[in-house]
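Down below is the structure, laid out as structure tokens.
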Protein chains: 2
Amino acid sequence: MTADTPLWRQIAETLTAELANASPGDRLPSEARLAARFGVNRHTVRRALAALAEAGLVHARRGAGVQVTALPTDYPIGRRTRFHAALEATGRVPGRRVLSVETQPGLAEECAMLALPGGSPLVRAEGLTLSDGQVIGHFRSVFPVLPGLAAELARGEGVTRALAACGVSDYTRAWTRLTAVPADALLAGHLQLRRGEPVMRAVALNHDPRGQPLEYGITHFAGARVTLTVAPD
Amino acid sequence: MTADTPLWRQIAETLTAELANASPGDRLPSEARLAARFGVNRHTVRRALAALAEAGLVHARRGAGVQVTALPTDYPIGRRTRFHAALEATGRVPGRRVLSVETQPGLAEECAMLALPGGSPLVRAEGLTLSDGQVIGHFRSVFPVLPGLAAELARGEGVTRALAACGVSDYTRAWTRLTAVPADALLAGHLQLRRGEPVMRAVALNHDPRGQPLEYGITHFAGARVTLTVAPD
DNA sequence: TTAAATTTGTACGTATGTATG
DNA sequence: ACATACATACGTACAAATTTA
């Protein structure tokens, strides 16, 4: 996002971010208006819009404007499916390295996912997932504040054990959303990849047997090192 | 190819045709030379080259030239017979476009997955997965040879209906394996991505209610456009 | 090792055509 | 018919990476 990245790419990224709040069918401002807004030539805006169109996010029609065509498609894979990482089945030694555990006010999205009021304090944990000592994933999870949870998580014995120590005997996965994304610089560093290499993002919500949300987490797996298997129960 | 088609497209088509006699790694003439040859501005040539790059046929490197990455003959134009209308699908997929249906001896892996002797003839189907007319995935499936199956698949009425026409009333997913991989040139062309962009690979096995393998398929989804949701019942 | 030439990438500007509303 | 908006195509200039001398 600094001066060495092309103008058209900065504009494309800005517009992409803004599309998150848009709906399919919404019209973008005209190329001339966008050019005026960003203080660039119209062709520079066109280059940015071409990138968005190539990604399938927008669609331009001559005479009409540029419309938002599609947001990421939600693709249900099946109902009676159970989700587990392949490494559990292959007999490898799983492990994790907790990088940080903090208690902070949660972001709006995080609080909403945990069914808590906005700005509620949350326990945030970040770390790496290992297989035979090899880094295969990076996770970032938020939990509601439970007595002693942060300390238990920091011991690195795993989420299940930490929750059990806090009196939560069991929890189940409400849903998982999977998508393939390019690794950013931070992720590339954690997973020992190059920027842009494919990474699988798994966004998951876990809740207790009564349906109370317990954990909202985003995990990124190194695409080349991980296969997720979805199999019926 | 008349006067109403844009110059850049005419040039792109001309270059694509000429690539048939080229080999991967060959260098194209410089943009300046091509501009002189076609008698157009350099930007017009750039627009044409951008189209070729988008299709995964060439790759440009600043300072070096433009190189051929893949042969047009590897590109589906030669193999695809015709585009069929997208029809109703298996319930989860909004649309499908069947590109080709062939009966061929299966590869060892394919035969093994279908529990057939090596070298058995298989019905192979290839096509695109759509959502609102937008290409979101590319699939390649193999089936055991059933009477009339190839013809039914070729009609583009969907896998479910084709199997039903052959007496298979129902089938279920045995398992799905997911991993994130970079798009190769062929896939980039199909999914309208750039080479190397993240793609989610789903390898799936479907079988009939008695456990007999019916379909072994590999689908690649455009990472930016698809989210797979896994939810328990 | 250095310097120059080559080649693609970015950004600007201008003009005109064509479809839409 | 008219204004709006995207599409095409020309031009210039400079930056950045590579190749060549």
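On a predicted model such as this, the values are computed, not experimentally measured, just so you know. A note on names: the letters A, B, ... follow the listed sequences, proteins ahead of strands, and every chain is numbered from 1.
No side-chain donor-acceptor contact under 3.5 Å links Ser120(A) to the backbone of Leu116(A).
Using a cutoff of 4.0 Å between basic side-chain nitrogens and carboxylate oxygens, Glu18(A) and Arg37(A) are scored as salt-bridged. The pair Glu126(B)-Arg140(B) does not count as a salt bridge, with every side-chain nitrogen at least 4.0 angstrom from each carboxylate oxygen.
Arg62(B) has its CZ atom 17 Å from the P atom of dC14(D), to the nearest Å. We find that CZ of Arg27(A) is positioned 8 Å from C1' of dA5(D), with the value rounded to whole Å. Following rounding to the nearest Å, Glu31(A) (CD) and dC12(C) (P) show an atom-to-atom distance of 14 Å. In this structure, CH2 of Trp8(B) is placed 10 Å from C1' of dA7(D), rounded to the nearest angstrom. Rounding to whole angstrom units, CG of residue Leu49(B) and C1' of dT7(C) are separated by 12 Å. Here dC12(C) presents its C1' atom at 18 Å from CZ of Phe38(A), a figure rounded to the nearest Å. Remark: P of dC14(D) and CG of Leu7(A) are 18 Å apart, rounded to the nearest angstrom. Put simply, CD on Gln67(B) is 13 Å from C1' on dT19(D), counting in whole angstrom units.
Pairing for dG11(D) is with dC12(C), a Watson-Crick or G-U wobble pair whose two hydrogen-bonding atom distances lie under 3.5 Å.
Remark: the His43(A) side chain and the dT14(C) base include a donor-acceptor N/O pair separated by less than 3.5 Å. Between the side chain of Arg61(B) and the base of dA16(D), no donor-acceptor pair under 3.5 Å is found. Taking 3.5 Å as the limit, the base of dG9(C) and the side chain of Arg42(B) contain a donor-acceptor pair of atoms between them.
For Gly63(A) and Ala64(B), each mapped to the nucleotide of DNA chain C holding its nearest heavy atom, the one lying further toward the 5' end belongs to Ala64(B). Between Gly65(B) and Asn41(A), the one whose closest nucleotide on DNA chain C sits nearer the 5' end is Gly65(B).
Scanning all heavy atoms of the two residues, the minimum distance from Ala48(B) to Trp8(B) falls at CB-O, 3.3 Å.
Thr44(B) has no side-chain polar atom (N or O) that falls below the 4.0 Å cut-off from OP1 or OP2 of dT8(D).
Residues Arg124(A) and Thr103(A) fail the side-chain proximity criterion, which asks for heavy atoms closer than 4.5 Å.
Nearest to the side chain of Ser30(A), among dC12(C), dT8(D), dC6(D), sits dC6(D).
Arg46(B) comes within 4.0 angstrom of a nucleotide base, judged by non-hydrogen atoms across all strands.
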